[in-house]
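Here's the structure we're looking at; comments come further down.
Residue numbers start at 1 and run along the sequence shown. Note that ligands are numbered from 1 as they come in the structure, with each ligand's atoms numbered from 1 the same way.
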Amino acid sequence: MRRKLVVVGNGMAGMRTVEEVLRIAPDLYDITIFGAEPYGNYNRILLSPLLAGELRIDDILLHDDEWYRAKGITFYKGRPVTAIDRLRREVVAADGTVARYDRLLLATGSLPQMLPIPGADLPGVIGFRDVGDVNRMLAASRHHEYAVVIGGGLLGLEAANGLRKRGMKVTLVHLMPTLMEQQLDGDAGRLLRGSLELRGLDFIMPAETVEILGNDRVSDVRLKDGREIPADLVVMTVGIRPNVALARAAGLHCRRGIVVDSTMLTYDPAIYAVGECAESHGRTYGLVAPLYEQAKVCANHLVGWGCARYPGSLAAAKLKVTGIELFSAGNVSGGAGAESIVLHDRSSGVYKKLFLRNNRIDGAVLYGDTADGPWYVRLMRERTDISSFRHAIMFGEAQIEERGSRAAA
Ligand SMILES: Cc1cc2nc3c(=O)[nH]c(=O)nc-3n(C[C@H](O)[C@H](O)[C@H](O)COP(=O)(O)OP(=O)(O)OC[C@H]3O[C@@H](n4cnc5c(N)ncnc54)[C@H](O)[C@@H]3O)c2cc1C
């Protein structure tokens with residue numbers, strides 16, 4: 001008899017793990033998947049172009065209903081799991097559906113962090129996480145004029161850009177003096193702001209939102225300095241928090257995320273966790289590449305191979321605002337012992353900054369020309385000593401290779 005694998009969370013990490021398991025051992029498990037959302041698996045990254053009107057929902061679907069049928073998977077969509085009974089090895093969904101497991105995979109992702117301020121629960125105040133949020137933003141853009149986005153990170157900028165492209169007047173309120181301060185240095189942040197202003201976005205920063213006003217729907221946002229900004233829609237993009245409520249209620253060890261070892265196993269030997277809900281080596285992740293690495297390791301253990309380890313990942317981010325090239329990876333805050341090399345060509349709008357430590361790249365910010373991003377990440381991952389080509393490193397991989405082959409000729 002086949003063993004039973006139950007997956008809670010039909011998102012990017014959970015489904016990548018299932019794909020890997022099916023690739024390695026298609027007949028090992030009877031697979032049951034519960035998804036809270038009423039869709040097949042879709043590419044969450046592409047919600048931003050969906051909002052901006054550059055893609056349609058069909059373009060972002062990764063697996064339609066037919067895929068689950070063809071793979072023999074029992075797929076319960078729109079059915080959130082509400083409890084795990086670890087003694088009986090069963091999960092229970094909101095509608096009472098029960099599924100027994102030999103192995104359980106938790107892949108419940110994250111939830112948008114909402115500021116705990118008065119008015120945050122008013123209709124018209126939302127996060128930016130799923131297709132439902134995009135639909136709410138599109139509905140608002142059809143009937144209303146003013147949007148305020150709170151939070152100037154990657155998600156906030158993509159939300160603001162999308163709403164602007166849908167015809168709304170958008171103000172972005174950010175607590176810090178520069179945008180995306182976790183991924184960019186101040187100069188790149190200012191260049192980015194300039195480009196976005198040219199696209200019609202307004203910024204108020206640094207500024208703290210203290211209250212959301214309105215009666216039956218949001219009408220304004222109040223800042224700490226007393227200013228009130230008109231708002232028919234407020235999108236909060238101030239961070240995410242791993243969705244661990246289900247795991248915690250089941251008594252699994254959780255800190256910020258569900259704690260896993262380097263095989264993605266939780267403290268229960270029958271339960272694995274992957275994706276943004278998982279905490280590995282004290283870290284949680286909010287970008288997809290690390291989660292795909294986790295998925296591979298997890299599948300390796302689910303099929304019984306037992307030879308892969310997840311050591312942690314280096315995170316790299318790209319902004320998806322059409323026409324703006326922006327890439328950031330590693331540690332871009334500098335700090336003691338850090339050096340930096342900068343190339344800034346104002347006429348072409350290209351800005352590149354590398355952060356170095358002991359002649360090894362620690363972080364990279366690229367604006368205007370991001371072609372060498374993956375190369376810098378490779379050098380970072382491999383901890384390559386760059387002393388021998390440091391003088392030319394800002395000109396990119398192609399230049400270094402050309403010089404190398406000229407020298408060899
Ligand atoms: C707008 C947007 C843009 C992004 N852009 C980028 C980008 O450019 N680059 C990048 O690397 N990353 C990006 N990300 C982040 C990336 O999408 C996430 O890192 C990734 O989707 C996380 O995968 P996950 O499987 O952990 O969580 P998710 O993809 O969120 O999947 C979790 C799923 O579990 C479901 N679920 C939760 N609880 C239950 C339950 N109890 N029962 C059943 N189902 C449940 C949820 O409804 C959800 O469908 C972006 C995210 C957003 C929202």
Side-chain angles (χ1 to χ4, degrees), residues 6-19 32-52 55 60 62-63 75-84 91-95 97 99 104-112 126-134 137 149 151 153-162 180 183 235 237 239-250 257-258 264 273-280 284-295 298 313-321 326-329:
V6 171
V7 182
V8 182
N10 184 46
M12 299 191 75
M15 293 308 295
R16 177 54 72 96
T17 313
V18 169
E19 283 175 31
T32 300
I33 299 175
F34 289 86
E37 295 183 71
Y39 310 97
N41 178 35
Y42 60 86
N43 188 339
R44 197 169 301 280
I45 290 179
L46 298 180
L47 287 178
S48 302
L50 180 71
L51 173 66
L55 292 177
I60 76 167
L62 295 169
H63 300 121
F75 176 35
Y76 294 120
K77 64 179 171 183
R79 255 187 258 193
V81 167
T82 49
I84 304 167
V91 301
V92 185
D95 68 344
T97 308
L104 175 64
L105 175 62
L106 298 177
T108 48
S110 290
L111 298 169
I126 61 171
F128 184 16
R129 182 71 197 176
D130 55 28
V131 171
D133 293 327
V134 172
M137 286 191 244
V149 175
L154 188 111
L155 276 194
L157 296 175
E158 293 183 358
N161 176 64
M180 288 181 71
Q183 286 97 4
V235 184
T237 52
I240 53 174
R241 58 187 166 86
N243 186 1
V244 299
L246 181 68
R248 190 165 269 146
I258 306 166
M264 307 312 295
V274 288
E276 289 186 353
C277 66
E279 177 176 326
S280 155
T284 55
Y285 294 89
L287 293 166
V288 117
L291 313 183
Y292 281 179
E293 291 169 25
Q294 295 179 354
C298 186
S313 302
L314 180 82
K318 269 186 96 137
L319 184 74
K320 298 181 303 299
V321 171
L326 183 61
F327 177 93
S328 162

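Compare Arg129, Met15, Met12 by their heavy atoms: the one nearest to atom 30 (O) of ligand 1 is in Arg129. Distances from atom 12 (N) of ligand 1 to the heavy atoms of Val288, Leu291, Leu47 show the closest one on Val288. Closest to atom 50 (C) of ligand 1 by heavy atom, among Val8, Thr284, Ile45, Leu111, is Ile45.
Scanning the protein for heavy atoms near atom 2 (C) of ligand 1, the closest one is Leu155 CD2, 3.1 Å. Atom 25 (O) of ligand 1 has Ala13 N, 2.8 Å as its closest protein atom, hydrogens excluded (heavy atom only). Among protein heavy atoms, atom 5 (N) of ligand 1 sits closest to Lys320 NZ, 2.8 Å. Nearest protein heavy-atom contact of atom 10 (C) of ligand 1 is Leu287 CD2, 3.4 Å. Atom 27 (O) of ligand 1 has its closest protein heavy atom at Gly109 CA, 3.2 Å. Among all non-hydrogen protein atoms, the one lying nearest atom 41 (N) of ligand 1 is Val81 O, 3.0 Å. Considering only non-hydrogen protein atoms, atom 19 (O) of ligand 1 sits nearest to Glu276 OE2, 2.5 Å. Ranking protein heavy atoms by distance to atom 39 (C) of ligand 1, first place goes to Thr108 CG2, 3.8 Å.
Here the side chain of Gln294 pairs no donor or acceptor atom with the backbone of Val274 at under 3.5 angstrom.
Under the 4.0 Å criterion applied to side-chain N and carboxylate O atoms, Glu276 and Arg44 are not assigned as salt-bridge partners.
Rounding to the nearest 0.5 Å places CG of Asn10 at 12.5 Å from OG1 of Thr108.
Of the heavy atoms in Asn243, only side-chain atoms (C-beta onward) come closer than 4.0 Å to ligand 1. Counting heavy atoms closer than 4.0 Å to ligand 1, residue Ala36 contributes atoms from both its backbone and its side chain. Contacts between Tyr285 and ligand 1, counted as non-hydrogen atom pairs separated by less than 4.0 Å, are absent for every part of the residue.
Residue Ile84 is tested with Val8, Val91, Val6 for a side chain to side chain contact (heavy atoms under 4.5 Å, CB included); the sole match is Val91.
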For residues 285-292, tabulate all N or O donor-acceptor pairs below 3.5 Å that involve a side-chain atom, not counting sequence neighbours.
residue: Tyr285; atom: OH; partner: Ser313; partner atom: N; Å: 2.9

